[in-house]
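For the numbers below, each heavy atom of this structure counts, side chains included, while hydrogens, waters and symmetry mates do not. Here is how names work: the chains are called A, B, and so on, in the same order as the sequence lines, proteins then strands, and each is numbered from 1. Keep in mind that this is a model prediction, so the values were computed, not measured.
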Number of protein chains: 2
Amino acid sequence: MIRCPKCQQVDAVTKAGIVRGKQRYFCKTCAAHFTLADTAPPAARSRHQVTIVDIARELGISKSTVSRALRGQSDIHPGTREAVMELAQQLDYQPNLLAYGLVKSQSNMVGMIVPEFRHYFFPEVIIGAQEVLQAAGYNLMICQSNESYQTEVANVKALMSSRVDGLLVSITSQTNNVEHFRALEKKGIPLVFFNRICPELDTHRVVVDDYAGAFRAVQHLIDQGYRRIAHIAGPPSLLVSRLRQQAYLDALEQAGIPFDPELLISYDLTDEKARIYARYLLDLPQPPEAIFAVNDPTAIQVILAAKARGICIPDELAVVGFSDDPISAIIEPGLTTVAQPVYEMGRTAARLFLETVGTQTAPTTRVLQTELIVRGSSSRKI
Amino acid sequence: MIRCPKCQQVDAVTKAGIVRGKQRYFCKTCAAHFTLADTAPPAARSRHQVTIVDIARELGISKSTVSRALRGQSDIHPGTREAVMELAQQLDYQPNLLAYGLVKSQSNMVGMIVPEFRHYFFPEVIIGAQEVLQAAGYNLMICQSNESYQTEVANVKALMSSRVDGLLVSITSQTNNVEHFRALEKKGIPLVFFNRICPELDTHRVVVDDYAGAFRAVQHLIDQGYRRIAHIAGPPSLLVSRLRQQAYLDALEQAGIPFDPELLISYDLTDEKARIYARYLLDLPQPPEAIFAVNDPTAIQVILAAKARGICIPDELAVVGFSDDPISAIIEPGLTTVAQPVYEMGRTAARLFLETVGTQTAPTTRVLQTELIVRGSSSRKI
DNA sequence: AACATTTCCGGGAATGTTCCCGGTAGTTTC
DNA sequence: GAAACTACCGGGAACATTCCCGGAAATGTT
């Protein structure tokens with residue numbers, strides 16, 4: 001009773017097993033296998049965004065013409081263009097960037113990987129980058145690596161899968177293998193590091209003059225008469241940490257102040273650890289007279305810890321941070337800090353990408369300037 | 001001397017104009033046009049990511065098989081699967097999400113539109129959303145509307161073009177036309193509003209108990225003995241503003257405190273305006289004894305302005321905010337505030353999307369709880 | 001040995017664009 | 001009035017996947 005779809009015969013058909021849950025038949029005359037088509041219709045393609053062919057069909061023209069009209073290119077009659085434009089508007093046509101990206105091998109998306117964005121710094125960078133990217137027609141995909149090397153690698157892979165046109169990255173403090181970035185370079189995908197760069201990779205970079213800024217900060221403490229100066233540094237894996245720490249050491253040496261290893265701590269930049277080390281320093285038998293912190297969040301924890309102990313800032317303890325987090329101006333006393341143009345860093349990184357994309361430019365490094373902002377936390381004589 | 005590519009004839013060929021910068025010819029015997037092919041080879045497809053066909057070619061199998069192997073689906077020999085997996089690893093194959101999205105009509109991307117992310121609130125929401133989305137295999141595309149209706153519409157369009165699978169949105173204070181969101185609904189794209197919702201749209205929502213929280217805050221001020229209480233509200237276009245403002249009015253009324261219109265200000269949530277209105281209130285002939293601000297950034301501007309004038313908080317002026325921005329705990333005196341689970345709001349919004357996608361669920365509203373945190377800025381008797 | 005079933009694989013359509021290139025009709029040019 | 005040119009348009013490949021479905025060989029079953 002089963003009829004062969006080819007020869008329309010009935011008697012030469014035998015069963016031939018089950019494939020994917022459906023009975024399969026074999027027609028001996030045709031020597032062909034077949035399964036019975038589902039009787040139910042294919043459920044009328046549900047949600048289907050308006051496409052270029054919809055417009056073409058409606059207008060009775062070809063999709064090529066519609067494509068040309070939409071892109072406002074040449075070889076198109078003003079009349080037809082207008083008709084297309086109007087219908088597109090009317091149908092609320094949105095070009096499918098997936099299809100576009102597929103044929104053009106470009107996605108108009110830029111990936112960004114940051115270690116965190118709880119504090120002021122990274123969100124502000126993102127704002128800067130977003131603004132110039134958005135203006136240039138790019139969208140931003142943001143990932144948090146959470147200071148985890150594993151997550152960073154996963155993020156890179158995910159962004160690669162999305163075929164981002166470029167990457168803006170600040171590495172984690174655990175990144176000591178950079179193969180995942182090398183792979184990007186090999187594939188010719190623009191890569192811009194900012195703030196936390198990869199010294200072993202010869203790519204675009206946006207940094208500030210960390211050494212100079214930090215040096216000025218410590219110098220300022222020395223000028224104010226502080227001698228016993230501690231430094232809470234970031235993890236040595238990060239170049240920024242090393243630079244700021246080296247500046248600290250050099251500034252001390254230049255001033256002829258002997259370096260006391262007890263007063264140098266590096267830590268992982270988590271808030272809890274900041275609190276712990278701040279207390280530790282304050283509770284030292286010979287506590288420091290001043291503390292230079294690797295960044296503002298750290299410095300703020302120091303101020304909080306000091307205040308909790310009733311230590312008077314800046315008379316008994318001076319504090320200096322790095323970045324000029326808005327909190328620094330609000331906390332009391334105001335936190336002296338090395339201001340860096342964070343927003344501008346984001347813009348610069350994005351611009352660097354924009355310049356690179358398409359035209360393979362040589363890796364360039366942009367160094368932005370810092371500025372010491374003196375507030376109450378370090379000015380004994382005010 | 002021009003040879004027709006079809007009939008190989010030479011003499012029947014005439015010139016036939018120039019198309020796209022190239023000379024065109026016409027062969028009278030074939031009655032066909034043609035142009036001369038570029039002599040230069042097509043420049044060897046430059047950067048070309050590894051694809052499924054590369055793997056197939058290398059292994060001498062079909063792309064279908066590779067696809068099956070990669071997806072770890074059925075109908076695949078363990079041996080071949082392993083071979084495919086290994087080669088994929090070796091070639092650093094990354095599936096092309098663009099192509100995937102094209103055939104599956106889903107992009108694995110979620111769009112998020114926030115009015116700003118300079119302050120604590122929105123970045124924190126993003127963190128929450130990001131975490132659950134990333135875990136579920138989605139990427140986040142973040143847009144800033146900058147409180148501009150135009151930008152918001154543009155953002156929606158851009159995200160639609162990228163064929164995001166869903167949208168997480170906090171509207172701008174200028175959004176009074178919601179057609180762009182209606183269009184989304186019509187297309188069946190999951191839409192979740194958080195914090196700043198659209199009352200006229202029947203979609204998923206995540207909010208906090210704004211009214212209750214605000215009421216408790218004002219009640220607290222009244223309990224502390226303050227009578228002349230001002231409110232700096234947000235723009236009336238936002239439901240959150242209206243709710244908090246209404247709670248303010250109701251709390252006063254319930255306490256039998258007559259409402260003084262002079263003490264109610266709504267503004268656009270920009271920092272400058274916050275400063276201006278804070279000063280304005282403080283400089284009133286009859287200044288308020290307490291100020292309830294629509295959010296923490298506003299409240300902080302009030303505290304700053306008061307401190308600049310030497311007004312003692314909380315003795316001469318009490319201040320209460322909303323959100324529990326980290327600065328609130330740091331500023332002196334500590335800012336009393338209505339804490340809302342910001343991070344949780346992000347997670348909830350993302351989860352709501354996750355639940356919706358695929359299975360069309362009815363619009364649901366999740367209301368998260370707030371909690372009044374009393375700090376120095378309002379506790380006269382401490 | 002003949003038939004039935006299972007296992008694994010390949011071909012080809014479909015997704016929504018862009019791009020290349022030839023076709024047609026009308027317009028100049030000599 | 002033919003030859004050359006211009007202005008527009010359509011067909012079809014390509015992009016990297018997934019999905020459907022039939023084919024071939026191996027394995028089971030009478």
Side-chain angles (χ1 to χ4, degrees), chain A residues 5-6 14-20 22-26 28 30-38 42 45 48-56 61-71 73-81 93-106 163, chain B residues 5-6 14-20 22-26 28 30-38 42 45 48-54 56 60-71 73-81 93-106 163:
Chain A
K6 283 188 190 170
T14 62
K15 285 195 179 182
I18 294 178
V19 224
R20 288 171 289 266
K22 271 201 290 188
Q23 181 60 249
R24 183 150 76 153
Y25 300 96
F26 183 71
K28 277 186 274 187
C30 306
H33 293 265
F34 62 90
T35 54
L36 257 26
D38 283 337
R45 298 187 72 311
H48 156 84
Q49 302 265 68
V50 179
T51 74
I52 221 171
V53 271
D54 294 328
I55 297 180
I61 57 179
S62 79
K63 60 178 165 37
S64 310
T65 307
V66 177
S67 171
R68 268 191 297 258
L70 254 14
R71 273 171 305 148
Q73 272 191 352
S74 55
D75 268 22
I76 184 78
H77 188 87
T80 43
R81 167 156 71 232
Y93 166 79
Q94 302 295 338
N96 188 329
L97 241 58
L98 269 50
Y100 177 88
L102 189 58
V103 6
K104 302 277 274 189
S105 312
Q106 91 174 46
R163 295 293 189 268
Chain B
K6 282 189 188 167
T14 62
K15 285 193 177 179
I18 294 178
V19 224
R20 288 170 289 267
K22 271 201 290 188
Q23 181 59 250
R24 183 150 77 149
Y25 300 95
F26 182 71
K28 277 185 276 189
C30 308
H33 292 265
F34 62 90
T35 54
L36 257 28
D38 282 337
R45 298 188 71 308
H48 156 84
Q49 302 264 68
V50 180
T51 74
I52 222 173
V53 271
D54 294 328
I61 59 179
S62 81
K63 60 179 167 34
S64 310
T65 307
V66 177
S67 172
R68 267 192 298 260
L70 254 14
R71 272 172 303 148
Q73 271 191 351
S74 56
D75 267 25
I76 184 78
H77 187 88
T80 43
R81 169 157 69 232
Y93 166 78
Q94 302 296 338
N96 187 330
L97 241 58
L98 269 48
Y100 177 88
L102 189 57
V103 5
K104 304 276 272 188
S105 311
Q106 92 174 46
R163 294 295 189 267

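Between the OH atom of Tyr100(A) and the CG atom of Leu98(B) there is a distance of 11.5 Å, given to the nearest 0.5 Å. Note that CD of Gln106(A) and CG of Leu97(A) are 9.0 Å apart. Values are rounded to the nearest 0.5 Å.
As rounded to whole Å, 16 Å separates atom C1' of dT28(C) from atom NZ of Lys15(B). Between the CG atom of Leu102(A) and the P atom of dA13(D) there is a distance of 17 Å, given to the nearest Å. The separation between Asn96(A) atom CG and dT18(C) atom P is 10 Å, rounded to whole Å. Put simply, CZ on Arg71(A) is 12 Å from C1' on dC20(C), counting in whole angstrom units. The distance between atom CD of Gln106(A) and atom P of dT18(C), rounded to the nearest whole Å, is 12 Å. Nucleotide dT17(D) holds its P atom 9 Å from the CG atom of Asp54(B), rounded to whole Å. Spacing between atom CZ of Arg163(A) and atom P of dT17(C) amounts to 20 Å, rounded to whole angstrom units.
Checking the phosphate oxygens (OP1, OP2) of dT15(C), no side-chain nitrogen or oxygen of Gln49(A) falls inside 4.0 Å. One finds no side-chain N or O of Thr35(A) lying less than 4.0 angstrom from the OP1 or OP2 phosphate oxygen of dC21(D). OP1 or OP2 of dC21(C) has at least one side-chain nitrogen or oxygen of Lys22(B) nearer than 4.0 Å. The side chain of Tyr93(A) places an N or O atom within less than 4.0 Å of a non-bridging phosphate oxygen (OP1 or OP2) of dT17(C). The phosphate of dA4(C) (OP1 or OP2) has a side-chain N or O of Thr14(A) nearer than 4.0 angstrom.
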- request: Could you please spell out the steps behind the side-chain contact (heavy atoms from CB on, under 4.5 Å) verdict for Asn96(A) and Arg163(B)?
  value: CA-CA 7 Å; Asn96(A) 188 329; Arg163(B) 294 295 189 267; 3.7 Å; yes
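The side-chain heavy atoms of Arg20(B) and Asp75(A), taken from C-beta on, include a pair separated by under 4.5 Å. Side-chain atoms of Tyr25(A) and Lys15(A), non-hydrogen and from C-beta on, do get closer than 4.5 Å to each other.
Of all the heavy atoms in Tyr93(A) and Leu70(A), the pair that sits closest is CE2-CD2, 3.7 Å. In plain terms, the two heavy atoms of Thr35(A) and Gln23(A) that are nearest each other are CG2-O, 3.6 Å.
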query: Once each nucleotide of nucleotides 6-13 of chain C is scored for protein heavy atoms under 4.0 Å, what B/S/- sequence comes out, 5' to 3'?
result: BBBBBBBB
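Taking five base pairs at each end of the helix from dA1(C)-dT30(D) to dC30(C)-dG1(D), the local helix axes there meet at an angle of 50°, rounded to 10°.
In this structure, Val53(B) and Gln23(B) both approach DNA chain D, and ranking their closest nucleotides by distance from the 5' end singles out Gln23(B). Between Lys104(B) and Ala99(A), the residue anchored closer to the 5' end of DNA chain D is Ala99(A), taking for each the nucleotide with the nearest heavy atom.
When each of Ile52(A), Asp54(A), Ile55(A) is checked for a side chain to side chain contact (heavy atoms under 4.5 Å, CB included) with Lys63(A), only Ile52(A) meets the rule.
For Arg71(A) (side chain) and Ser67(A) (main-chain N/O), a donor-acceptor pair under 3.5 Å exists by modelled atom type.
Phe26(B) comes within contact range of no nucleotide atom at all, as no heavy-atom separation falls under 4.0 Å.
Applying the side-chain hydrogen bond (donor to acceptor under 3.5 Å, both in side chains) criterion to Thr14(A), with sequence neighbours excluded, gives no partner residue.
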